2 protein chains.
Amino acid sequence: MRSYGQYCAVARALDLIGDRWTLLIARELYLRGPSRYTDLRDGLPGIATNLLADRLRELEEAGLVAREAAPPPVAATLFSLTERGRELRPVLAALLQFGKPMMVAPPGDDVVRSYWFTFPAEQFLVDHAPAEPPVTIEVRTGDQPLVLETVDGRVRARTGTADEPDAVIAGDPELVLGTLTGGLELAEAKRRGLRYKGDPKALRRVRGFTPAAA
Amino acid sequence: MRSYGQYCAVARALDLIGDRWTLLIARELYLRGPSRYTDLRDGLPGIATNLLADRLRELEEAGLVAREAAPPPVAATLFSLTERGRELRPVLAALLQFGKPMMVAPPGDDVVRSYWFTFPAEQFLVDHAPAEPPVTIEVRTGDQPLVLETVDGRVRARTGTADEPDAVIAGDPELVLGTLTGGLELAEAKRRGLRYKGDPKALRRVRGFTPAAA
DNA sequence: CGGCATCCTCTTTGATACTG
DNA sequence: CAGTATCAAAGAGGATGCCG
């Protein structure tokens, strides 16, 4: 990217990560950890393959991304965020917060990847009763199931399934998201097609606050 | 901007403000308040005028910027951030934080605008002794003087001069910035050409923490 | 396969000039 | 002052090819 040529921290930050796709590449690496080239491409539908290669090289030169040859059995290159690269987390979090209101509009033609929801889940959900025994919620929306678990006051999210979840929430992404983050009442979401099975307390336990705008 | 087409809050946020120049326009409006077209162009050296016009229109359509005809005596169009536009503040703040380490490199050919420093000043400086009488520091670097004032625990920054400042700090931008934010010791900065007059306590009173990397 | 490089087309940007 | 018009250059998108 062409530099803005301004002695300003915001401008200099954007010189590094203001290019198209760059922050989404960071999101992928942040959410999925060390990733192969093809997995990155998969999480970034629409990116031109040469562009991904270019960006990864730029990010590597900027010291935000490291490239490591995976141990022999795997035989692949792994890309990961460096310490400095992980400092992008607050930037991603701020964008997440800003973009939150725009998630009430359903996906439409937009691609969905379930693991993208792990970020808002960990960012917006809280365990409101940390003293009580932990709860587990299985989330079924998008392309693969997720699990939410309370762990010392926080909510952890991961892809996968739970053995005996306290509740299962399933349905269209915008309904699931709205219900979890608190912009949508469970009853209303159900009327719109959300399925919720299990203990309603589990949902209330982790639900986000936001009254309007999920 | 072409949409990323992803049902992800980060991607949807970037659909709105991921375009080149867009966040810097937001920075200008945020720092300077309602601004005229030509003033914006002045704070964004290098931007093509048609591009500025395009971006302002896009931002207006997105509901982030409002355009108002200034009252008769002025006879000009004023652009300002809407409520929603002001929600970009955390995004700018996160970028500021991320870009902070990159400010140790001197401006070189980069353009400098003094009022750009009001953002890091208010973000990184604290009044460490709110109980004591307020202090005022005049900052001379870049194109125009700035004033830092302690106001109930916080530090307020504005362009202009002070009548009887407790201290005056002057010199190259990277020295002033490094000294204020705490990455550079005053003695070291002085050896490199920084001028500091007045009560050294005034500086210590507001100085930021960051040990390394200004 | 995984990790690119090349080629081509199309869109966006940057620079400059001009206008109500 | 607040833009629009024009045009060359850079960058993005898409398809395909190559190589270990």
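In what follows, chains carry the letters A, B, and so on, assigned in the order in which the sequence lines appear, proteins first and then strands, with residues in each chain numbered from 1. Quick caveat: nothing in here was measured; it's all calculated off a predicted structure. Below, all heavy atoms of this structure are taken into account, side chains as well, without hydrogens, waters or symmetry copies.
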Is the phosphate of [N], meaning OP1 or OP2, less than 4.0 Å from a side-chain N or O of [X]?
X: B:Arg36; N: D:dG3; result: no
X: B:Arg67; N: D:dG3; result: yes
X: B:Thr49; N: D:dA2; result: no
X: A:Arg41; N: D:dG13; result: no
X: A:Arg2; N: C:dT12; result: no

Residues in contact with DNA chain D, drawn from residues 13-24 of chain A - heavy-atom cutoff 4.0 Å: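 Heavy-atom contacts with DNA chain D come from A:Arg20, A:Trp21.
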Give a yes-or-no answer on whether the side chains of [X] and [Y] include a donor-acceptor pair shorter than 3.5 Å.
X: A:Tyr30; Y: A:Arg89; result: yes
X: B:Glu28; Y: B:Trp21; result: no
X: A:Thr179; Y: A:Tyr196; result: no

Axial bend angle, the helix from C:dC1-D:dG20 to C:dG20-D:dC1: five-pair end segments, nearest 10°: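 The two end axes of the helix from C:dC1-D:dG20 to C:dG20-D:dC1 meet at 30°.
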Side chain of B:Ala48 (C-beta onward), nearest among C:dG14, C:dC4, D:dG3: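 Looking only at side-chain atoms, B:Ala48 lies closest to C:dG14.
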Review item, side-chain donor-acceptor pairs of residues 155-168 of chain B, under 3.5 Å, at least two apart:
from     : atom 1 : to       : atom 2 : distance (Å)
B:Arg156 : NH1    : B:Glu122 : OE1    : 3.4
B:Arg158 : NE     : B:Glu149 : OE1    : 3.4
B:Asp166 : OD2    : B:Thr136 : N      : 2.7

